[in-house]
Amino acid sequence: MRFSRPLLLLAVLSGSARLPAPLAAQVARYEVSVPGASAHLFHVKAEFPTGGKDTLYLSLPAWSPGNYAIQNYARYVRHFGAASSTGQPLFWDRSDKDTWRVVTGKQDRVTVAFDYLADTIDLSLARLTPEFGQFLGTNLFLYEEGKLDRAAEVRFALPAGWQITTALKGSGNGPYAAGDYHELADAETFVGKYSLDSIKVEGKWIRIALWPADVYTPAVARNIRTALAKIAQTEDRLMGGPPYDTYTVFFNVIREPINFGGGLEHSAFADPAGALGDFMVPLMAHEYFHLWNVKRIRPAAMWPYDYHAEQFTPLLWWSEGVTDYYADLTNLRSGLWTDEAFLRNTTTDIQQVEQAAEPWSEEDGSVATWIDEVFVNSSQLYYPKGALTGMLLDVAIRDATDNAHSLDQVMRALYTRHYQKGTGFTTDQLLALLREFGMPDVDAFYQRYINGRDPLPYEALLPKAGISVTKTITSVPFLGVVAPVSDDGKWLVQLVEPGSAAQIAGVQPGDALLKIGEIDTDGAEDWSPAFRRRYQGQAGAPLVLTVLRGTQTLTLPTRVQEHTSTAFSVSRSATPTAKQSRIWQGLATGTTGG
């Protein structure tokens with residue numbers, strides 16, 4: 001699941017496979033109902049076999065795989081209760097933050113029930129409106145501790161006229177089947193009134209569920225269907241065929257503003273003519289590639305999932321960032337992007353990485369994603385930096401082997417040698433595969449650019465694929481304050497950066513900026529562009545700051561400071577060598593050889 005670019009909609013892509021028939025006595029059974037949609041409450045019943053135990057420990061996950069943030073879904077539970085198979089109330093209490101302890105009373109099965117508040121727009125939270133609802137399995141489905149391999153059945157009791165679309169295998173009101181809890185937890189589900197469409201790609205059905213239904217105009221439908229077909233064909237070909245029987249794409253198009261990703265507008269999803277927003281195709285390609293990378297190819301530290309707490313791994317730069325790279329390659333290889341569009345996207349990734357406030361390691365960012373860092377925010381930047389790292393590794397392998405090998409082969413080897421053998425992979429195992437397929441000096445590259453904080457070697461490696469790199473260094477005047485405008489039009493200082501021109505002048509939090517050198521700060525118009533224009537190239541020149549501190553106007557002398565920034569842009573070389581052309585062609589088409 002990607003977060004690095006502005007979010008335009010909530011989208012989940014999920015596949016289902018054939019399941020073995022479970023033994024009925026071992027199955028956990030669930031029922032999801034909607035007693036009052038206007039109250040934003042799902043009602044859940046869950047029936048568990050006791051296996052002769054005196055006490056059952058039943059837990060709700062604290063997070064959802066693919067969204068690396070603790071959500072503590074148990075906080076949305078109310079009216080919890082437990083009963084025997086004959087309906088007699090059973091004693092229960094809380095064992096920890098997300099676990100209920102139920103005394104079985106020597107019954108062979110017990111039923112628990114609760115209401116779940118679903119009133120928040122978020123990437124992994126349930127939501128229920130008077131005509132529509134959505135949830136992830138992690139939101140609603142309890143599991144018995146130590147029984148993650150237990151099969152499950154799910155039924156629904158919904159208002160008249162509501163339909164059901166879920167990643168689980170089944171139809172109608174159910175039962176829908178999951179082979180184990182991991183499959184149940186990963187199942188996105190829509191209920192209510194929404195649009196449902198389908199296409200067939202390589203003999204397998206892909207369903208498209210989209211809410212609200214009026215958004216799915218004929219033009220939007222045509223463009224989504226075309227893009228999905230090209231994405232699926234390209235990525236299936238790369239990885240050896242679709243790993244599902246039926247695949248479902250869930251789109252929840254958000255019309256109202258939300259508190260992450262900025263205010264979202266319907267036009268960002270598609271324009272009035274049905275042309276998809278810029279974010280749509282990369283999002284679909286990214287999520288589809290998660291069928292392999294993350295859903296199946298997974299770091300060993302996340303194999304199996306622990307739903308109680310953070311699962312720290314330094315490899316999310318590969319799981320998410322390299323997935324971004326393959327999404328971008330998919331768009332190029334399928335014809336959804338031109339060469340120029342692919343390289344413009346590469347330039348955007350470089351700009352995101354190079355604008356970070358301080359050097360950071362993508363391994364550190366992979367671990368820090370769980371806390372959503374306030375300052376560097378490397379917990380988001382491992383997406384573009386991981387994508388760029390994947391591209392550089394791919395170019396280096398193709399260059400060293402004269403295009404005989406590629407990163408594609410590394411990805412396929414992870415699939416066959418780890419996922420298909422039931423294991424995750426470690427950093428050492430990934431580096432060994434890179435070495436096997438021809439990556440030169442793997443350990444040094446890893447220590448400098450993945451575990452280390454050296455700037456990525458764009459200029460050294462990208463030209464090997466016939467990609468020209470232009471580097472521009474600029475100096476920009478820098479004051480060193482965070483000073484938002486107040487309701488009465490004053491620019492009030494909240495933060496002063498140590499060592500900055502403002503700090504040397506003696507500016508303090510709470511001061512109101514009145515004048516920056518010759519630049520007045522009257523009114524709500526941002527003064528910083530005028531400041532940068534006026535003092536560009538004047539580092540060290542005298543500068544007087546005028547501030548209001550309480551009722552006193554102060555003039556504070558300092559000197560102009562400048563921050564140096566580096567910008568890169570990339571484009572196709574006008575005169576590539578034969579080898580550079582081969583490497584570019586290999587990247588652009590997913591081929592190796594001459």
Side-chain angles (χ1 to χ4, degrees), residues 2-5 314-326 328-329 342-369 373-400 407 427 430-431 434-435 439-476 478 497 499 539 561-573 580 583-584 587:
R2 66 187 297 159
F3 302 91
S4 60
R5 296 168 184 158
L315 280 162
L316 291 184
W317 69 270
W318 181 273
S319 296
E320 295 292 346
V322 175
T323 293
D324 252 7
Y325 173 56
Y326 273 99
D328 299 338
L329 279 184
F342 174 80
L343 293 175
R344 279 199 305 272
N345 181 79
T346 301
T347 296
T348 299
D349 282 348
I350 293 173
Q351 289 170 345
Q352 284 186 271
V353 170
E354 295 304 315
Q355 288 170 4
E358 60 188 76
W360 58 276
S361 154
E362 53 199 292
E363 282 203 342
D364 289 346
S366 298
V367 173
T369 189
E373 294 170 297
V374 172
F375 296 106
V376 180
N377 201 23
S378 62
S379 59
Q380 297 302 298
L381 287 173
Y382 66 76
Y383 281 82
K385 191 169 186 181
L388 292 167
T389 301
M391 186 176 185
L392 295 173
L393 289 169
D394 204 356
V395 171
I397 291 171
R398 289 177 184 272
D399 175 70
L407 199 67
T427 293
L430 173 61
L431 297 182
L434 291 167
R435 189 178 299 112
M439 174 69 192
D441 207 359
V442 171
D443 295 319
F445 187 97
Y446 165 74
Q447 290 296 348
R448 292 185 65 185
Y449 306 118
I450 298 173
N451 185 40
R453 295 168 180 80
D454 286 6
L456 290 175
Y458 318 114
E459 294 170 288
L461 288 178
L462 292 182
K464 296 178 183 296
I467 300 171
S468 297
V469 180
T470 302
K471 180 178 180 180
T472 305
I473 299 175
T474 58
S475 294
V476 180
F478 173 74
E497 185 166 322
Q561 289 186 4
E562 290 191 325
H563 271 184
T564 298
S565 63
T566 303
F568 292 88
S569 63
V570 298
S571 60
R572 288 288 306 277
S573 172
Q580 290 169 339
I583 293 172
W584 170 260
L587 287 174

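All values below were derived from every heavy atom in this structure, side-chain atoms included, with hydrogens, water molecules and symmetry-related copies excluded. Bear in mind that the values here come from a model prediction, so they are computed numbers and not experimental data. The first residue in the sequence is number 1, and the count goes up from there.
Judged by distance alone, the side chains of S573 and Q580 never bring a donor and an acceptor atom under 3.5 Å apart. Using modelled atom types and a 3.5 Å distance limit, the side chains of Y458 and E354 yield a donor-acceptor pair. With no hydrogens or angles considered, a side-chain donor-acceptor pair links T369 and Y382 at under 3.5 Å. Between the side chains of Y325 and D394, at least one donor-acceptor pair of N or O atoms lies under 3.5 Å. A donor atom on one side chain and an acceptor atom on the other are found under 3.5 Å apart for S565 and T474.
At least one side-chain heavy atom of M391 sits under 4.5 Å from a side-chain heavy atom of I467. Contact of the L430 side chain with the L315 side chain is registered, since non-hydrogen atoms from C-beta on lie closer than 4.5 Å. Looking only at side-chain heavy atoms (C-beta outward), F342 and L329 come within less than 4.5 Å of each other. At a threshold of 4.5 Å between non-hydrogen side-chain atoms, the residues S361 and I450 do not count as touching. For the pair Q447 and D454, the minimum side-chain heavy-atom distance is 4.5 Å or more. Proximity of D441 to F445: side-chain heavy atoms (C-beta onward) are nowhere separated by under 4.5 Å. Between Q352 and Y383, every side-chain heavy-atom pair lies at or beyond the 4.5 Å cut-off. Two residues are said to be in side-chain contact when any heavy atoms from C-beta on lie closer than 4.5 Å; V570 and T470 fail this criterion.
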Step-by-step side chain to side chain contact (heavy atoms under 4.5 Å, CB included) determination, T389 to W317: CA-CA 9 Å; T389 301; W317 69 270; 3.8 Å; yes
Given the rule in the side chain to side chain contact (heavy atoms under 4.5 Å, CB included) test, do L434 and L407 qualify, once you have shown the distances and angles that lead to the verdict? CA-CA 8 Å; L434 291 167; L407 199 67; 3.7 Å; yes
Do E363 and T427 pass the side chain to side chain contact (heavy atoms under 4.5 Å, CB included) test, and can you show the C-alpha distance, the side-chain angles, and the key distance before you say yes or no? CA-CA 10 Å; E363 282 203 342; T427 293; 4.0 Å; yes
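Distance alone, capped at 3.5 Å, places no donor-acceptor pair between the E459 side chain and the V469 backbone. Looking at K385, its side chain never comes within 3.5 Å of a backbone N or O of L456 through a donor-acceptor pair.
Of the candidates D349, L393, D324, L388 forms a side chain to side chain contact (heavy atoms under 4.5 Å, CB included) with just one, namely D349.
In this structure, K464 is not positioned above the aromatic face of W584 in the sense of NZ or CZ being under 6.0 Å from the six-membered ring centre and within 45° of the axis.
The distance from the CD1 atom of I583 to the CG atom of L461 is 10.0 Å, given to the nearest 0.5 Å.
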